[in-house]
Amino acid sequence: MFRVAERVYGCDIEAVREIIPYRRATRLPGAPSYVQGLINLRGTIVTVLDLGIRLDAGRDAVREGSIIMATHGTRVVGVAVDEVMDVQAITEEPIATSGGDAPQGLVRGLGHLDDGIVVLVAVAHGPILSP
């Protein structure tokens with residue numbers, strides 16, 4: 001689980017390769033606003049996405065926190081988040097998404113914890129990279 005702004009999100013642990021401290025990415029001219037840019041991670045160039053802006057274009061960009069390195073299909077992408085919180089098993093409840101700023105299929109369901117709701121994001125195979 002991780003936090004972006006005041007909301008708690010989660011993704012499949014199988015998609016997560018590692019978590020690194022936030023670092024500034026080199027911006028790509030013409031890239032969508034949710035693409036922070038590229039970083040060099042031990043010789044591999046990785047695209048870093050801002051999950052907050054990807055879900056809601058009106059949010060402020062993540063400027064500190066962590067980058068979750070995740071497998072997306074055959075690629076590795078970085079997902080910038082404010083805080084990595086915990087690993088917990090959560091029962092998923094699928095939801096029908098309509099409207100809103102989040103791309104169709106990016107939010108795949110909700111999970112419930114004793115102290116609130118976790119929004120489950122499709123990182124491994126969702127539309128996180130496509131506009």
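Just so it is clear, the model here is predicted, and its values are computed rather than measured. Residues: numbered from 1 along the sequence shown.
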Subject >> Joint cluster assignment, Val16 & Val46, ILVMFWY side-chain distance < 4.5 Å >> reply: no

Original post:
Same hydrophobic cluster for Val62 and Ile20, using side-chain heavy-atom links shorter than 4.5 Å among ILVMFWY?
Top reply: yes

Subject >> Side-chain touch Val118/Leu110, heavy atoms, less than 4.5 angstrom >> reply: no

Original post:
Is the shortest heavy-atom distance from the side chain of Met1 to the side chain of Val84 under 4.5 Å?
Top reply: no

**OP:** List the atom of Ser66, the atom of Ile19, and the distance in Å for their closest heavy-atom pair.
**Re:** CB-CG2, 3.9 Å

Original post:
If Ile, Leu, Val, Met, Phe, Trp and Tyr residues are connected whenever their side-chain heavy atoms lie under 4.5 Å apart, and connections chain through other members, are Leu55 and Val119 in the same group?
Top reply: yes

**OP:** Give a yes or no on whether Asp86 atom CG has more than 12 heavy-atom contacts from other residues, nucleotides or ligands under 6.0 Å away.
**Re:** yes

Original post:
Could you state the interatomic distance from CD (Gln36) to CG (Leu49), rounded to the nearest 0.5 Å?
Top reply: 8.5 Å

Original post:
If you measure from CD1 on Ile90 to NE2 on His112, what distance do you get to the nearest 0.5 Å?
Top reply: 10.0 Å

Original post:
Is the shortest heavy-atom distance from the side chain of Ile117 to the side chain of Val8 under 4.5 Å?
Top reply: no

**OP:** In sequence, state the C-alpha distance, the side-chain angles, and the governing distance for Glu64 and Arg24, and then conclude on salt bridge (Lys or Arg N to Asp or Glu O under 4.0 Å).
**Re:** CA-CA 9 Å; Glu64 57 184 42; Arg24 190 176 171 287; over 6 Å; no

**OP:** Nearest 0.5 Å please: distance from the CZ atom of Arg7 over to the CZ atom of Phe2.
**Re:** 12.5 Å

Original post:
Given the rule that I, L, V, M, F, W and Y join up when any side-chain heavy atoms are under 4.5 Å apart, are Val81 and Leu41 in one cluster?
Top reply: no

Original post:
Can you find a heavy atom in the side chain of Leu120 that is under 4.5 Å from one in the side chain of Tyr9?
Top reply: no

Subject >> Residue pair Arg23 / Ile67, side-chain heavy-atom distance below 4.5 Å >> reply: yes

Original post:
Roughly how far, to the nearest 0.5 Å, is the CD atom of Glu6 from the CZ atom of Arg59?
Top reply: 9.5 Å

Subject >> Cluster check Ile45, Met69: I/L/V/M/F/W/Y, side chain < 4.5 angstrom >> reply: no

Original post:
With a 4.5 Å heavy-atom cut-off, do Ile39 and Thr26 have their side chains touching?
Top reply: no

Original post:
OH/Tyr22 to CG/Asp82 distance, rounded to the nearest 0.5 angstrom?
Top reply: 10.0 Å

**OP:** For the pair Asp12 (side chain) and Glu14 (backbone), establish whether a donor and an acceptor sit closer than 3.5 Å, ignoring hydrogens and angles.
**Re:** no

Original post:
CZ/Arg27 to CG/Leu38 distance, rounded to the nearest 0.5 angstrom?
Top reply: 10.0 Å

Original post:
Taking the side chain as C-beta and beyond, is there a heavy-atom pair between Val77 and Val48 under 4.5 Å?
Top reply: no

Subject >> Side-chain heavy-atom pair Val76, Thr44 within 4.5 angstrom cut-off >> reply: no

